[in-house]
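Following: one structure in structure tokens, then a few remarks.
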Protein chains: 2
Amino acid sequence: MREGPDIARIASLVGDPARANMLNALMGGTALTASELALEAGVSLPTASSHLSKLMDGGLLTLASQGRHRYYGLAGPQVAGMLEAIIGVAEAVGPKRVRPGPRDAAMRVARVCYDHLAGEQAVAMLDRLVDRKLLLRQENEIRLSPSAISHFAALGIEIDSKAKRPICRACLDWSVRRSHLAGALGAAILDKVIVEKWARRDKDSRAVVFSPKGKQEFERVFLA
Amino acid sequence: MREGPDIARIASLVGDPARANMLNALMGGTALTASELALEAGVSLPTASSHLSKLMDGGLLTLASQGRHRYYGLAGPQVAGMLEAIIGVAEAVGPKRVRPGPRDAAMRVARVCYDHLAGEQAVAMLDRLVDRKLLLRQENEIRLSPSAISHFAALGIEIDSKAKRPICRACLDWSVRRSHLAGALGAAILDKVIVEKWARRDKDSRAVVFSPKGKQEFERVFLA
DNA sequence: CGCATAGTTCGATCCTCATCGAAGCATCCC
DNA sequence: GGGATGCTTCGATGAGGATCGAACTATGCG
């Protein structure tokens, strides 16, 4: 009967199906309104509201009010990481899917993780960036090499080295079981992928689907 | 209302205080009997038994029957990793402790994680082993260098390269936020630390407390 | 100001699930 | 076999919490 951190409290917040659905939706990285989340979770608005305030109390969400809209988002990368870990276990012990659907395959290849790219493509990209010595990796710490800033600037990605947010972070990938690139740079790269229309986000999942041409471009720029 | 892996199911298993206490106790790495876990969780034996069968159904535990004793243990490193992630979030958002007790400090320095050593000491050790090129690290994959087998053998640690279990694995540390060494080698090293009486396990927590002399020895052997 | 949209609070209902005592199995020891 | 120990199953109880409709608050638009 020791205490320590209240792990049951956090876990039980995630342990309700409605809340789990909401959190899962927020893993997409974009903040959502209460009504969107209610729809996502399949519950009424009052119910969703009650869940959201519980998640807020628990410190799992942040809230950004904009006029009459209130946007809920994950509180931070640590929360996202925890959710990925839980998803990983659920995948592992879960009832072996009869037949993994096409969406599962797509998710493995590339998906959104909070605000950056995850999946095989993302893991390969980080490997390659380290190989090319644009990023210097030591453990889970990733730093920019001197040549990186100009390199990324040439791609249209400006790196603000004064920002509070870490530019690079390693984020463990549940499907590949290795790390991919998170942090401001990771987010900027996902941004570029979408803006350049190399890929589009699947409407109903976190999957990121590359067009044939987009895939080529992405590989030329980041996997060459 | 998508589905995917049943994250709520897993999280709600951890979300009950009694079960959370049990899992937390099992993070110590040693398998425990139902009665011990009942005591740990502060519930009656029938209640504990019911919880344990739920955790088994959920795939979070393994069971080893030995005569009339039945030893429950965590199902694997992935489960342990998930629990560490949840603990990390709980630590972060949890009510800021008025004053971190001495035990918290001890936990940060060195503690048991499933079956190996975690905490500052463990992170430092992995760093050092990689620096000395006894271990070769690439991402989260860690391999033995050619010289490693004889080196560890000289320390009385025999490495069975034919074992099914991975010899080395990286395990993320919630307090330091970097990896430490898990896998068979990690377990063997923890073993040595205890057998050599360099440190003793705190009776009521996962903390591992080094004696002054033991600390010296440990640092001479692994951090030199 | 008045209406519409977004969201929260309240109250009542209902159901799941944690809990424990008692009884039932299983294993070991003598 | 018989008794003791370790554990599970059964049944009854009770509490917490998820849910929704209705009423209420807040913001924006014309």
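Letters A, B, ... mirror the listed sequences (proteins, then strands); counts begin at 1.
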Nucleic acid contacts - residues 43-52 of chain A versus DNA chain D, non-hydrogen atoms under 4.0 Å
V43(A), S44(A), P46(A), T47(A), H51(A)
Trace of the salt bridge (charged side-chain N to carboxylate O under 4.0 Å, His left out) decision for E84(B) with R111(B)
CA-CA 12 Å; E84(B) 285 264 341; R111(B) 66 180 180 281; 3.6 Å; yes
For the side-chain contact (heavy atoms from CB on, under 4.5 Å) test, which of L74(B), L13(B), I86(B) pairs with L23(B)?
L74(B)
Indicate whether OP1 or OP2 belonging to dT8(D) is found under 4.0 Å from a side-chain N or O atom of Y72(B).
yes
Residues of residues 12-19 of chain B with any non-hydrogen atom less than 4.0 angstrom from an atom of DNA chain C: list those, numerically ordered, please.
D16(B), A18(B), R19(B)
Please check the phosphate of dC17(C) (OP1 and OP2 only) for any side-chain N or O of K54(B) closer than 4.0 Å.
no
Would you say that F222(A) contacts Q121(A) through its side chain, given a criterion of any heavy-atom pair below 4.5 Å between the two side chains?
no
Not counting sequence neighbours, which residues clear salt bridge (Lys or Arg N to Asp or Glu O under 4.0 Å) with E36(A)? List them please.
none
Kindly write out the residues that satisfy side-chain contact (heavy atoms from CB on, under 4.5 Å) with V221(A), not counting sequence neighbours, or none if the list is empty.
L155(A), W198(A)
Compile the donor-acceptor pairs under 3.5 Å between side chains in residues 41-51 of chain B and protein atoms, sequence neighbours left out, one pair per line.
from, atom 1, to, atom 2, distance (Å)
S44(B), OG, T47(B), N, 3.4
S44(B), OG, T47(B), OG1, 3.0
H51(B), ND1, R19(B), NH1, 3.1

Please name all residues satisfying side-chain contact (heavy atoms from CB on, under 4.5 Å) with I194(A), sequence neighbours left out, ordered by chain then number.
L190(A), R201(A)
If the condition is ring pair (Phe, Tyr, Trp, His ring centres under 6.0 Å), which residues does F210(B) pass it with, not counting sequence neighbours?
F218(B)
Any side-chain heavy atom of D16(A) sitting closer than 4.5 Å to one from K54(A)?
no
For A75(A), side-chain contact (heavy atoms from CB on, under 4.5 Å) partners two or more places apart:
T62(A), V79(A)
Please report, rounded to the nearest Å, how far the C1' atom of dT5(D) is from the CD atom of E36(B).
14 Å
May I have the distance from L39(A) (atom CG) to dG7(C) (atom C1'), rounded to whole angstrom?
16 Å
Compute the angle between the rotation axes at the two ends of the helix from dC1(C)-dG30(D) to dC30(C)-dG1(D), each taken over five pairs, rounded to 10 degrees.
30°
